[in-house]
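As structure tokens, the structure follows; a few thoughts come after it.
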Amino acid sequence: MVHINPVTTLDVTDGIAVIKVNNPPVNALGHAVREGLFEALTQAVADADVKAIVLGCDGRTFFAGADITEFGRPLQPPGLQEVIAAFEASPKPIVAAIFGTALGGGLELALGCHFRVASADARVGLPEVKLGILPGAGGTQRLPRLVGPEKAVAMIVAGAPVTAKAALADGVIDEIVADLIPGAIAFAQNVLAEGKTLVKVRDRDEKLAAARENPAGFEAAAKAALKKLAGVEAPAACAQSVRNSFTLPFEEGLKAERDLFLKLVTGDQSLAQRHIFFSEREAAKVPDMPAGVKSAALKKAVVIGGGTMGGGIAMCFANAGVPVTIVETTDEFLQKGLDRIKSTYAVSVERGALKQDAMDKRLALIAGTTDWNVIADTDIVIEAVFEEFALKKEIFGKLDKIAKPGTLLASNTSTLDVDAIAAATSRPEDVVGMHFFSPANVMKLLEIVRGEKSSFPAIATAVAAGKLLAKIPVIVGNCDGFVGNRMLARRTTECERLLLEGAAPQDVDAVVQKFGFPMGPYAMGDLAGLDVGWRIRKHRGITAPVSDALCEAGRFGQKTGKGYYIYENGARTPTPDPAVTKLAAEKAEALGVNRRNITEQEILERMTYPMINEAARILEERIAVRASDIDVVWAYGYGWPVWRGGPCFYADLIGAKAICEALEHYAEITGDAGLKPAKLLLDLAASGGKFADIGVAKKAAA
Ligand code: T1G
Ligand code: NAD
């Protein structure tokens, strides 16, 4: 075996050269890898004893793509296109041996090889669109030549990897092998033995002919793939580049792909999405956690309360293969909760998103009881009962007596003080908040609330649980509303004011949706139920004249057919209701609020700047240790468009100075001192600083 460089080896045996890369953690195709591959290939091709080549990796996965940390830096040759072109031009057959995830540039390199074999659990895909770019090393030109433009545009615009089984069926790979490298070597020997003609993927045309003849099928597939992606640049670029695959000669298609890539990779949207990529991986790291702190085992779980959230949380455990028991007050409530879970799974089966046997397996992992003794040998308890402090204290007092030492005790409270809940036990070090978002079996975000006394092992276990449940854990401090809801409260206050000052719900929602949120604040309020916020306001003694009046009239939103909007006959589509603007006008008159035309720009600023201001306070108080954590909370919990990077990333694009000036103005016109710029924001304005500099240094290249 020859060590070509620190990450690449070349090993020739019986005429087969095995080129292997080992560049932890995910064999990203950084400069050293590209150099090593190019040199290893050159040597293998030049070696007369070598008849065929196998390309593989050591470690946990085949190449997971280009090295994203190199983006934005001057390219060090050889570039990936050059490496792929060299592999494709090889006179000797090359077999790529895929395991783990062959993603982005990794799959593009494999498409440059003559053949591809994979282990059964491998997945392959081109996820570049999730980074605000498109495949930039030939993926949009070679993949359509294997699977056809219609399937290719769907795969590339979605950016979701496919299984080895699906890849085999689609012709992306040639064989699934039990023992990877020996299987790849055997495949290569078979190619030699059969004297198979080496066909470069770039020269394959059979899958393009039909689309060239009649592109209608492709255009329909592209249109379907681009649905709901208005304003996002990368998906449209992906579709255009796939269209080029059957309308342009290969080299021209490749050039056009490269031009689109270079345009997108320097754009704000891709910078924002790369920011989120690295930020979500940073968010689960606790800067002051000593090295070596381990999570406890998570073999069994209990959820207290089988309502809206408890049911969803239990499904997360079952989906992860962890046996879970729901504890309820009565058999009736228990059955209700279990039935809701069953029907939720049934909807997924109906939609084809879940196989019946998978549903059965998951349901078999979910048990229910009213007997608290089940808690005695569980590893983690998540409490999701009514949002009442006294009840939560009682529950944690009981857990303290029953749960074994080291069991993680977590509360799903959305507003209550986690330290006060922990104080109801003799082991506050084992108590954390685990704040899931509704629907808990769908939403990716998990705010892990670190209490004053929460221990490092407890935090480590909560993070591990979050990852096990396929959530994106973000560590936050304990305060009213934690990070997400605390910032949301600022937006909700502005929503109420804008109604009084003259904006209609549909005006504001249109601006927020145009910005990229899937739903505006009023439609979101109607979906969640206006009574939830009303109960919290009454509990706290605060008023919202228009929203309170709607609730007093029984208008709780979708669940009552009326809220800020009307929902005809149980429809989920909001219909504007002039009665709401009339009510707001009456309230404004009664309160002496002047009504006026409010510009889209002002609406957008008041839907974002007060939250950014609150984010600054949250960082001042170290409720969040990184500004990027706040961006992850909003991207995964509240629908902030990932291609806008999150509130803090967005604030850096606007600039703290402009935001402070606008906030000063809104504080003046509303009389709300809470809108006055936070000290941290004023400091950033004065120094020209950025939120991006607050907290731990990041990997994403500027
Ligand atoms: N470049 C650099 N670092 C990467 C990386 C990459 N492509 N992928 C992962 N990492 C780091 C990550 O930040 C983390 O670091 C560690 O590896 C483990 O990752 C020309 C231009 C492969 C499925 O989009 O989807 O090719 O936090 O925690 O959960 O067309 O990583 O430990 O310091 O996510 O097991 C296309 C991105 C690139 C795939 C593994 N490829 N990666 O998931 O581990 S663009 C991608 C992933 C491209 C070409 C274009 C996942 C994974 P740290 P992890 P994981
Ligand atoms: P819910 O009313 O739908 O369910 C609460 C369940 O707890 C009920 O089924 C009730 O029977 C059960 N319960 C009450 N007392 C109990 C006890 N002593 N023992 C066992 N079970 C008991 O409420 P929900 O919306 O699921 O909210 C639960 C918690 O999650 C609250 O703290 C809430 O603030 C929080 N939360 C809710 C949402 C949301 O959007 N609904 C989002 C995040 C967090």
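Just so we're clear, the structure is a prediction, and the values are computed from it rather than from any experiment. Reckoned from all heavy atoms, side chains included, excluding hydrogens, waters and symmetry mates. Whatever order the structure lists them in is the order used to number ligands and atoms, beginning at 1.
- Scanning all protein heavy atoms for the shortest distance to atom 11 (O) of ligand 2 gives Glu328 OE1, 2.8 Å.
- Atom CZ of Arg202 has more than 12 heavy atoms from other residues, nucleotides or ligands within 6.0 Å.
- Applying the 4.0 Å criterion to heavy atoms of Phe71 picks out, from ligand 1, the atoms 21 (C), 45 (S).
- Closest to atom 31 (C) of ligand 2 among all protein heavy atoms lies Val385 O, 3.2 Å.
- With 3.5 Å as the limit, one finds a donor-acceptor pair spanning the side chains of Gln240 and Asn244.
- For atom 40 (O) of ligand 2, the closest non-hydrogen atom on the protein side is Ser438 CB, 3.3 Å.
- Which parts of ligand 1 touch Lys285 is read off a 4.0 Å heavy-atom cut-off, strictly below it: atoms 27 (O), 33 (O), 53 (P).
- Set against the non-hydrogen atoms of Thr101, the atoms of ligand 1 under 4.0 Å away are 22 (C).
- Here the protein heavy atom with the shortest distance to atom 15 (N) of ligand 2 is Leu391 CD2, 3.6 Å.
- Looking at Ala64, Ser270, Ala66 and measuring to atom 6 (C) of ligand 1, the nearest heavy atom belongs to Ala66.
- With a 4.0 Å cut-off on non-hydrogen atoms, Phe436 touches ligand 2 through its backbone and not its side chain.
- Atom numbering of ligand 1 starts at 1 in the shown order; those under 4.0 Å from a heavy atom of Glu108 are 20 (C), 30 (O), 49 (C).
- At the shortest separation from atom 41 (N) of ligand 2 among protein heavy atoms lies Met309 CG, 3.9 Å.
- Contact annotation: for Ile395 versus ligand 2, heavy atoms closer than 4.0 Å belong to the side chain alone.
- Heavy-atom proximity to Pro135, at under 4.0 Å, picks out these atoms of ligand 1: 30 (O).
- Ligand 1 places these atoms under 4.0 Å from at least one heavy atom of Ala28: 1 (N).
- The shortest N or O to N or O distance between Asn412 and ligand 2 is under 3.5 Å.
- Side-chain N/O atoms of Arg340 and Thr344 include no donor and acceptor closer than 3.5 Å.
- The protein heavy-atom contact nearest to atom 32 (O) of ligand 2 is Glu387 OE1, 2.5 Å.
- Proximity of Lys336 to ligand 2, defined as any heavy-atom pair under 4.0 Å, is not found for any part of the residue.
- Only the side chain of Lys392 comes within contact range of ligand 2, with a heavy atom under 4.0 Å; no backbone atom does.
- For the pair Arg491 and Phe517, the cation-pi criterion (under 6.0 Å, within 45° of the ring axis) is fulfilled.
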